[in-house]
Amino acid sequence: MILDDLKTMGRHTILATDLDETILERAKKGEYVDSEIKNVKQDQLKKYFTKVNDKYIINAKIKNMVTFKKHDLILNNYDKNFDLIVCRNVVIYFNQEVKNEIYKKFSSSLKKGGLLFVGATESIYNYKDYGFEKASTFIYRKL
């Protein structure tokens with residue numbers, strides 16, 4: 001929705017990953033209840049969703065921008081050449097050794113200048129070890 005609102009030029013793809021196939025199947029449907037869309041602005045809600053009974057259905061244009069894929073952050077290889085990786089409230093569940101490996105993989109997956117956005121409780125204190133600089137609070141840029 002943000003990319004569409006910004007009217008950015010070119011083709012954009014979004015890869016949404018999770019380990020849980022049930023969550024991925026639910027996300028593919030693009031159906032949301034009131035509590036799940038409470039932070040969506042009214043203009044975006046009108047532009048990108050259709051209300052059917054008690055659910056909000058995201059429009060096909062936006063849904064088709066997203067590819068869903070099962071992915072294990074620890075075991076699987078990572079795709080490359082990302083401009084942005086958003087991984088919030090996930091690595092808090094891993095020990096430091098596993099976090100280190102995940103951050104290395106994130107870094108190798110990002111393009112130079114690409115951004116990594118982590119959760120509020122997931123600050124990376126040794127971000128320089130992974131080739132990052134701090135771009136903002138909880139956002140790191142690959143050097």
Distance-only criterion, 3.5 Å: show the donor-acceptor pairs between side-chain atoms of residues 80-93 and protein atoms not counting sequence neighbours.
| residue | atom | partner | partner atom | Å |
| --- | --- | --- | --- | --- |
| Lys80 | NZ | Ser108 | OG | 3.3 |
| Asp83 | OD1 | Lys111 | NZ | 3.4 |

For residues 68-75, which side-chain donor-acceptor pairs fall under 3.5 Å, sequence neighbours excluded?
| residue | atom | partner | partner atom | Å |
| --- | --- | --- | --- | --- |
| Lys69 | NZ | Asp79 | OD1 | 3.2 |
| Lys69 | NZ | Asp79 | OD2 | 3.4 |
| Lys70 | NZ | Glu21 | OE2 | 3.2 |
| His71 | NE2 | Asn77 | O | 3.0 |
| Asp72 | OD1 | Ile74 | N | 2.8 |
| Asp72 | OD1 | Leu75 | N | 3.0 |

Side-chain donor-acceptor distances from residues 48-55 under 3.5 Å, at least two apart:
| residue | atom | partner | partner atom | Å |
| --- | --- | --- | --- | --- |
| Tyr48 | OH | Asp4 | OD2 | 2.5 |
| Tyr48 | OH | Asp5 | OD1 | 2.6 |
| Lys55 | NZ | Glu31 | OE1 | 3.4 |

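Note: Lys47 NZ to Lys61 NZ = 7.0 Å, rounded to the nearest 0.5 Å. The CG atom of Asp129 sits 12.0 Å away from the OH atom of Tyr103 when rounded to the nearest 0.5 Å. How far CD of Glu25 is from CG of Asp18: 11.5 Å, rounded to the nearest 0.5 Å. Note that OG1 of Thr137 is 8.0 Å distant from CD1 of Ile139, once rounded to the nearest 0.5 Å. In this structure, the separation between CD1 on Ile58 and CG on Asn64 is 10.5 Å, given to the nearest 0.5 Å.
Between the Lys142 side chain and the Gly114 main chain, no donor and acceptor come within less than 3.5 Å of each other. Panel note: side chain Tyr140, backbone Ile124; a donor-acceptor pair is recorded below 3.5 Å. One N or O on the side chain of Glu36 and one on the backbone of Val33 form a donor-acceptor pair closer than 3.5 Å.
For Gln96, the CD atom sits in a packed shell: over 12 heavy atoms of surrounding residues, nucleotides or ligands are nearer than 6.0 Å. For Lys134, the NZ atom sits in a packed shell: over 12 heavy atoms of surrounding residues, nucleotides or ligands are nearer than 6.0 Å.
Contact detail for Val40 and Leu45: the closest heavy-atom pair is CG1-N, 3.8 Å. The two residues Thr17 and Leu15 come nearest to each other via the heavy atoms CG2-CG, 3.8 Å. The nearest pair of heavy atoms linking Phe138 to Ala120 is CE2-O, 3.1 Å.
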Given the rule in the side-chain contact (heavy atoms from CB on, under 4.5 Å) test, do Phe132 and Arg141 qualify, once you have shown the distances and angles that lead to the verdict? CA-CA 5 Å; Phe132 292 124; Arg141 180 179 299 109; 6.0 Å; no
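Looking only at side-chain heavy atoms (C-beta outward), Asn126 and Asn100 come within less than 4.5 Å of each other. Looking at heavy atoms from C-beta onward, Tyr130 lies out of side-chain contact with Ile102 at the 4.5 angstrom threshold.
Note: the hydrophobic cluster containing Val118 also contains Phe94 (ILVMFWY, side chain heavy atoms under 4.5 Å, direct or indirect links). Both Leu3 and Met1 are part of a single hydrophobic cluster, where members link through side-chain heavy atoms under 4.5 Å apart. Under a hydrophobic-cluster definition in which Ile, Leu, Val, Met, Phe, Trp and Tyr are linked whenever side-chain heavy atoms come within less than 4.5 Å, directly or via other members, Leu24 and Ile57 are assigned to different clusters. Note on Phe106: it clusters hydrophobically with Val98, by side-chain heavy-atom contacts below 4.5 Å among ILVMFWY residues.
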